[in-house]
Amino acid sequence: MVRATLAPPVLVAAVDCPVPGHDDRRQGRPVELRDIEIFLTLTEELHFGRTAERLHVSQSRVSQSIKQQERRIGGGLFERTSRAVRLTPLGERLRDRLRAGYSEIISGIEEATATARGQAGTLTIGTMATHYQSVEAVLDLFRQRHPQCELRLREILPTDPLGPLRAGSVDIGILWLPIREPDLTVGPILHREELVLAVAAGHPLAGRGSVELEDLGDHPVVYPEGPIPDYVWEAHTPSTTPAGRPIRRGLAIVTLEEAFRAIAGGSVVSPIGSDVAATRQRGDITFLPITDGPVLHYAPVWRNGGENALVRAFVQVVTKAQQTT
């Protein structure tokens, strides 16, 4: 199928493609890519009005282009009646020869344009656990807008959210805020997530319908064994209750699975993102709403020195998505 929207008139009108074996000075103006597009679109629509509408040109422009091509070739390409438009055998052969070449030309122009704009290549996005599902709509929108870019996803450990960024293994990390690092830039908020409290199925809190942050003062919590800044973890699991009581640290963990095993054992509890909890339902752990719990705000974060056209393009998509929600 001819992709009319990929060849805007301003672009294609300037691209001349002379037909081999023809003296364009005798035949009139050179064959233009727009004329090929009009011809191929008409072979699909078989209707001058629909072709004009699809290409956003006048019907007379379509008729003029086809007549010029027929004069140049020296034979009819379409049979026209008051009721129908049909391809002639000559038109069918020309359609079959031009279709593949046209697609290659357009693909080449698109790829060159994307490369010139710095929007071709690979962009690696880091997310925590299953958070990519929460931002899938934005990822899909980016893929639609930048088909020449390969989008890769990598998991970031909550205990070391900044390490992959600084090591260059990811270009953008989708991290909860705040992030206050002089070598990193924070983009617009992409996603929000409430926290729930994960406790063992037999834990004293498990039978309650909900808990409050103050309840954390009575039970040890897991804490990260990794280089996550204290102020970042504080937004997830505070060090004190609203009344000022200390929240005791229990078992150190590195991965989410380690946290779940420790919680299921009953010795510790932990706030967990509600999106993650929704994908990790299990019989040995109960997830309780925290009525006054914090809401995590996630945003794209990237290295100051790693900003490029692809990073900026992703941030633009995030901004656009936020404006439409």
Side-chain angles (χ1 to χ4, degrees), residues 126-131 134 155-165 173-181 184 186 189-282 284-299 301:
T127 66
M128 298 181 185
T130 57
H131 278 136
S134 303
E155 183 175 352
I156 290 179
L157 293 178
T159 53
D160 184 21
L162 309 183
L165 273 173
I174 308 300
L175 309 179
W176 76 67
L177 304 181
I179 299 292
R180 297 189 294 265
E181 303 294 311
L184 301 177
V186 179
I189 292 175
L190 171 58
H191 173 57
R192 295 168 176 80
E193 180 185 34
E194 295 181 351
L195 291 174
V196 297
L197 187 66
V199 303
H203 193 276
L205 293 175
R208 294 170 52 173
S210 63
V211 295
E212 299 176 352
L213 280 178
E214 195 64 35
D215 292 316
L216 295 184
D218 301 323
H219 307 279
V221 299
V222 301
Y223 68 94
E225 186 175 34
I228 180 173
D230 289 340
Y231 74 89
V232 177
W233 186 250
E234 184 76 14
H236 183 282
T237 302
S239 57
T240 61
T241 69
R245 292 191 298 151
I247 297 176
R248 291 174 292 147
R249 288 187 167 188
L251 187 68
I253 55 92
V254 174
T255 68
L256 188 61
E257 290 305 320
E258 288 182 11
F260 280 133
R261 286 197 295 270
I263 294 165
S267 62
V268 290
V269 302
S270 180
I272 295 289
S274 56
D275 291 345
V276 175
T279 65
R280 304 296 178 94
Q281 296 296 322
R282 44 193 290 173
D284 55 354
I285 292 180
T286 298
F287 298 103
L288 301 169
I290 306 174
T291 57
D292 57 347
V295 176
L296 297 182
H297 295 76
Y298 290 82
V301 180

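Throughout, residue positions are numbered sequentially from 1 according to the sequence presented. Every heavy atom of this structure was used, including side-chain atoms; hydrogens, water molecules and symmetry mates were not.
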Nearest heavy atoms of [X] and [Y], plus distance in Å:
X      : Y      : answer
Pro224 : Thr159 : CB-CG2, 3.4 Å
Pro271 : Leu197 : N-CD1, 3.7 Å
Thr286 : Ala201 : OG1-CA, 3.8 Å
Leu288 : Ala206 : CD2-O, 4.0 Å
Ala200 : Ala264 : CB-O, 3.7 Å
Ala235 : Leu296 : O-CD2, 3.6 Å

Can you check whether [X] reaches [Y] side chain to side chain, under 4.5 Å on heavy atoms?
X      : Y      : answer
Val186 : Glu181 : no
Val221 : Val268 : no
Pro238 : Ile247 : yes
Tyr223 : Thr237 : no
Val211 : Ile290 : yes
Val232 : Arg180 : no

Ignoring hydrogens and geometry, is there a side-chain-to-backbone donor-acceptor pair from [X] to [Y] under 3.5 Å?
X      : Y      : result
Ser210 : Thr291 : no
Glu194 : Gly293 : no
Ser270 : Ala198 : no

Open item on the list: If we count only N and O atoms by modelled type, under 3.5 Å, do the side chains of Ser239 and Glu234 hold a donor and an acceptor together?
Closed with: yes

Measuring from [X]:[atom1] to [Y]:[atom2], what's the distance to the nearest 0.5 Å?
X      : Y      : atom1 : atom2 : answer
Leu162 : Ile228 : CG    : CD1   : 7.5 Å
Tyr298 : Leu177 : OH    : CG    : 9.5 Å
Arg248 : His219 : CZ    : NE2   : 8.5 Å
Leu157 : Met128 : CG    : CE    : 9.0 Å
Leu195 : Asp292 : CG    : CG    : 11.0 Å
Leu216 : Arg245 : CG    : CZ    : 9.0 Å

Task: Qualifying residue, where the test is side-chain contact (heavy atoms from CB on, under 4.5 Å) with Pro161 and the options are Ile174, Ile179, Leu175 - done: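 Per the side-chain contact (heavy atoms from CB on, under 4.5 Å) rule, the option paired with Pro161 is Leu175, out of Ile174, Ile179, Leu175.
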
Of all residues at least two apart in sequence or in a different chain, which pass the salt bridge (Lys or Arg N to Asp or Glu O under 4.0 Å) check with [X]?
X      : value
Arg208 : Asp215
Glu258 : none
Glu257 : Arg280

TODO: Please work out whether the ring planes of Trp176 and Trp233 are parallel, tilted or perpendicular, with thresholds of 30° and 60°.
DONE: tilted

